[in-house]
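Notes for the one structure printed next.
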Amino acid sequence: MDLAKVRNIGISAHIDSGKTTLSERILFYTGKIHKFEEVKGGGDGATMDHMELEQERGITITSAATSVTWGANPASKIPDTHHINLIDTPGHVDFTIEVERSLRVLDGAVLVLCAVGGVQSQSLTVDRQMRRYNVPRLAFINKMDRTGANAKKVVAMMHEKLNTDAVLMQLPIGAGETYAGSVDLITMKALRFMGDRGEKVVEEEIPADMIDECQEYRHKMLESLSMYNDEMMELLLSEEEIPEDLIHKVVKDAVQNQGLTPVFVGSAFKDKAVQPLLDAVCRYLPSPLEREIKARKFDNEAERFPLKADPKEPFVGMAFKIVEDTYGQLTFMRIYQGRIEKGEMYTNQRTGRKERFSRIVRMHADAREEIDFAEAGDIVAIMGIDCASGETYSNDRGYCSLESMFVPEPVIKMSVNPASRADADKMGKALQRFRKEDPTFQVYNDEETSETIICGMGELHLDIYIERMRREYKVEVQAGAPKVSYREAPTQVVEFDYKHKKQTGGSGQYAHIKGELSPIDTEGETTFEFEEHVVGGRIPKQFIPPVEKGMRDSVGKGPLAEYPVVGVRIDLRDGSYHDVDSSERAFYICAQGCFRESMAAAKPVLLEPIMKVELECPESYQGDVVGDVIRRRGLIVSTDSRDAISYVIAEVPLAETFGYATDLRSMTKGQGTFTMELLTYRKCPSNVQEEIIIKRKKKD
């Protein structure tokens with residue numbers, strides 16, 4: 001395979017911009033499928049949305065990979081056949097890891113924008129992800145057939161919101177119901193899409209009423225491009241004709257240096273202008289030979305060296321996505337250097353474990369094509385190896401490691417419990433599988449509440465996994481918001497003088513301790529401190545550790561609502577013992593009784609977990625967002641504005657944050673995002689404390 005004619009691209013966008021519909025048309029026009037289904041509608045659902053849940057909900061949940069060929073056909077201006085590895089990614093913010101890991105291994109991308117909505121919240125996120133991995137991209141303004149479509153307005157939004165040099169390469173002929181095709185500003189020809197499904201591309205003269213506008217926008221395009229090339233600048237200044245080949249060369253260089261975003265227009269749903277986009281992918285986006293990928297030396301992470309997209313070099317590949325299926329683990333891998341062969345052994349660079357690549361397959365959504373080998377530039381799937389997302393493979397241990405993908409922290413939690421004991425094992429297996437597949441999905445057991453807690457990127461994210469448990473594992477799951485782990489703390493110093501006496505047949509139990517219980521003002525960070533200042537052998541040394549242990553073991557349940565106690569200092573000063581009846585056991589029991597009595601007398605209060613919340617939203621929503629934080633008993637720490645985006649840092653009680661992801665999106669029309677982490681514990685307001693105690697007692 002000629003690597004210069006290979007393209008590894010992803011299609012990314014805000015939810016409901018038409019990515020999957022565009023992927024379906026690409027598959028059709030490249031001959032991969034012979035009829036296409038719609039994302040929402042009858043039939044079996046779109047090819048790339050192969051999961052049952054995706055077809056039901058009309059959204060993409062997991063990224064899907066396929067391979068197509070394009071060029072050397074009547075509908076293409078590309079003379080040679082190109083091999084395109086294509087990944088269709090989700091648009092919903094809850095499944096952002098799918099976009100993250102796809103962009104990590106791709107050489108180029110198509111950013112799809114809605115001709116009506118323009119640059120939306122997830123468009124901004126995808127833009128950040130593309131920049132993070134230095135992925136060159138084209139933009140495709142889709143849905144030109146919709147009422148209110150305005151390509152020029154979308155380009156202006158790209159300049160303003162994405163801070164990118166977006167240049168229209170085509171002008172739409174009409175918009176909304178009158179949309180009929182595109183004008184290519186390089187060749188100055190009108191493109192019409194004929195046939196039953198727009199498969200015939202017909203070149204015509206530009207409509208008379210568009211000639212002036214097209215000349216104006218061609219000049220703007222050339223002016224923008226001339227900023228990247230001195231030769232073009234000179235030709236433009238001397239008003240000479242600029243060769244078509246030079247325009248293509250300048251666009252390609254500018255795109256691959258990530259300075260330019262060429263913008264194309266069309267309507268995937270109406271079968272218009274997909275073929276010119278495929279031509280642009282082949283012309284402007286880089287091949288594996290044109291992308292510089294650096295690896296870290298295994299023994300010196302600071303030292304990096306470039307990988308060569310050459311099958312003769314030592315093999316280097318990255319496992320970027322893991323899927324468990326009926327035949328075992330399916331590991332998606334991008335091969336950056338070298339070659340792999342079926343049945344050969346390769347080494348996981350992190351674990352040092354050699355593993356056999358027993359089967360190598362090319363993916364077409366959920367269908368597979370067995371192959372015997374794969375080379376640099378390929379994206380394939382390996383059957384049966386055991387690894388995690390982001391791990392590097394090579395021929396031998398210690399060759400190199402590739403920088404892993406960025407994994408955002410989960411922002412929402414939910415408790416899950418199996419409906420029956422029989423379901424518990426199946427739920428455990430499901431959660432283990434999902435955690436391995438998805439780095440943003442986390443699972444842990446809350447020791448205090450004995451609940452299984454799942455964490456994810458949003459309520460839809462967790463809802464999908466709960467639904468998958470029901471369908472794929474036949475597990476009935478009861479889901480609910482997790483209980484907040486409150487704390488109890490003393491507020492007053494209490495002197496204690498406590499005796500434990502118990503007389504039974506034979507020797508009894510006797511222990512006597514005196515001292516002081518006092519609060520430590522550490523906002524819940526220090527749980528317990530124990531000091532002893534007993535003099536004169538009033539309590540023998542062997543009985544002091546049982547006193548400390550009895551006190552320490554008692555902090556698990558406080559007197560208010562049986563939450564753990566924090567911020568306590570015990571100072572043991574005096575006491576007495578009995579030669580016969582005193583024992584370690586007696587002093588342990590004495591300490592526990594003393595702690596319960598003293599804590600109740602120390603006027604305890606409830607402490608609640610306070611989260612540090614960092615918010616981002618457009619400036620126009622700052623007032624609403626700040627007002628909502630205050631209504632949630634939050635404290636605003638700082639506000640800042642940069643590039644029309646407001647950054648707010650606040651401290652908010654955890655109990656007030658459940659459902660916040662959904663509320664914030666509603667409040668900001670989907671444009672607000674936030675991150676959250678535990679900051680400290682602080683005293684609850686008295687009215688909140690009373691409510692918590694009443695609820696706790698009712699449950700008991």
Side-chain angles (χ1 to χ4, degrees), residues 1 3 6 8 63 65 67 85 87 97 100-102 104-107 288 291 293-363 368-407 429 432-439 441:
M1 190 191 300
L3 275 180
V6 172
N8 292 313
S63 52
S67 302
N85 292 315
I87 297 183
I97 187 64
E100 198 78 45
R101 58 180 160 201
S102 299
R104 170 64 185 83
V105 299
L106 292 171
D107 299 323
R291 280 274 280 161
I293 304 294
K294 290 192 173 181
R296 293 182 291 207
K297 287 206 167 177
F298 197 78
D299 52 356
N300 181 4
E301 290 207 348
E303 196 174 333
R304 294 166 186 251
F305 64 96
L307 297 177
K308 295 176 186 171
D310 183 347
K312 296 186 179 71
E313 293 287 323
F315 159 62
V316 178
M318 173 183 263
F320 68 93
K321 177 179 162 100
I322 285 159
V323 177
E324 290 279 344
D325 72 359
T326 48
Y327 304 106
Q329 181 170 303
L330 190 65
T331 304
F332 286 75
M333 187 173 287
R334 164 72 196 262
I335 300 168
Y336 286 103
Q337 181 176 281
R339 167 187 171 109
I340 56 171
E341 294 186 12
K342 186 169 80 171
E344 293 297 313
M345 303 284 282
Y346 300 97
T347 306
N348 184 318
Q349 297 293 286
R350 183 183 66 84
T351 63
R353 192 170 60 238
K354 275 187 171 285
E355 295 184 79
R356 187 179 304 281
F357 286 17
S358 55
R359 289 169 68 197
I360 306 170
V361 295
R362 265 190 220 293
M363 298 300 295
R368 296 160 197 188
E369 174 199 343
E370 293 253 0
I371 55 175
D372 293 329
F373 67 90
E375 295 182 338
D378 276 333
I379 293 176
V380 293
I382 315 294
M383 298 287 292
I385 63 172
D386 184 21
C387 66
S389 283
E391 293 189 341
T392 306
Y393 276 82
S394 189
N395 297 92
D396 301 304
R397 178 102 198 257
Y399 182 68
C400 71
S401 67
L402 292 163
E403 194 168 323
S404 192
M405 65 206 76
F406 170 77
V407 179
K429 284 178 186 171
Q432 188 66 23
R433 171 191 163 185
F434 298 152
R435 182 165 60 177
K436 195 169 187 181
E437 286 183 3
D438 183 351
F441 180 75

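- In this structure a side-chain-to-backbone donor-acceptor pair under 3.5 Å is missing from Y336 to K294.
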Please lay out, stage by stage, how N85 and S67 fare under the test side chain to side chain donor-acceptor pair (under 3.5 Å). CA-CA 4 Å; N85 292 315; S67 302; 2.9 Å; yes
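- Heavy-atom minimum distance, G377 versus L3: CA-CD2, 4.1 Å.
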Is there a side chain to side chain contact (heavy atoms under 4.5 Å, CB included) between E375 and I335? Walk through the geometry before answering. CA-CA 6 Å; E375 295 182 338; I335 300 168; 5.9 Å; no
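- Closest of all the heavy-atom pairs between K312 and D310 is N-OD1, 2.9 Å.
- Counting heavy atoms from C-beta on, the side chains of I322 and L330 never come closer than 4.5 Å.
- With values rounded to the nearest 0.5 angstrom, E403 atom CD is found 5.0 Å from R296 atom CZ.
- In plain terms, the two heavy atoms of M318 and G390 that are nearest each other are CE-O, 3.8 Å.
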Between L307 and F305, does a side chain to side chain contact (heavy atoms under 4.5 Å, CB included) hold up when you go through it step by step? CA-CA 7 Å; L307 297 177; F305 64 96; 3.8 Å; yes
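- Of the residues T347, I385, T331, the one that meets the side-chain contact (heavy atoms from CB on, under 4.5 Å) test with Y393 is I385.
- Separation of atoms SG (C387) and CE (M333) is listed at 6.0 Å; rounding is to 0.5 Å.
- For K429, the NZ atom sits in a loose shell: 12 or fewer heavy atoms of surrounding residues, nucleotides or ligands are nearer than 6.0 Å.
- Between the side chain of Q349 and the backbone N or O of Y399 there is at least one donor-acceptor pair closer than 3.5 Å.
- For the atom pair T392 OG1 and L402 CG, the distance stands at 4.0 Å (nearest 0.5 Å).
- Between P439 and R101 there is a side-chain heavy-atom pair separated by less than 4.5 Å.
- No side-chain heavy atom of E344 sits less than 4.5 Å from a side-chain heavy atom of I360.
- The side-chain tip of R339 points at the ring of F373 from less than 6.0 angstrom away and within 45° of straight on.
- Going from atom CZ of R362 over to atom CZ of R368 covers 15.0 Å, rounded to the nearest 0.5 Å.
- Using a 4.5 Å heavy-atom cutoff, the side chains of K321 and S102 are not in contact.
- Under the 4.5 Å side-chain criterion, counting only non-hydrogen atoms from C-beta, I87 is in contact with F320.
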Run K354 and D396 through side chain to side chain contact (heavy atoms under 4.5 Å, CB included) and show every step you take. CA-CA 8 Å; K354 275 187 171 285; D396 301 304; 4.2 Å; yes
Go through it in stages, so that I can follow the logic: the residues are K436 and F441, the test is side chain to side chain contact (heavy atoms under 4.5 Å, CB included), and I'd like the CA-CA distance, side-chain angles, deciding distance and then a yes or no. CA-CA 8 Å; K436 195 169 187 181; F441 180 75; over 6 Å; no
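- The backbone N or O of F315 sits less than 3.5 Å from a side-chain atom of N395, completing a donor-acceptor pair.
- In this structure, CD on Q337 lies 7.5 Å from SG on C400, to the nearest 0.5 angstrom.
- Under a 3.5 Å cut-off, the side chain of E355 and the backbone N or O of D386 do form a donor-acceptor pair.
- Under the 4.5 Å side-chain criterion, counting only non-hydrogen atoms from C-beta, L106 is in contact with I379.
- Within a 6.0 Å sphere centred on NZ of K308, heavy atoms belonging to other residues, nucleotides or ligands number 12 at most.
- Between the CD1 atom in I340 and the CE atom in M345 there is a gap of 14.0 Å [rounded to 0.5 Å].
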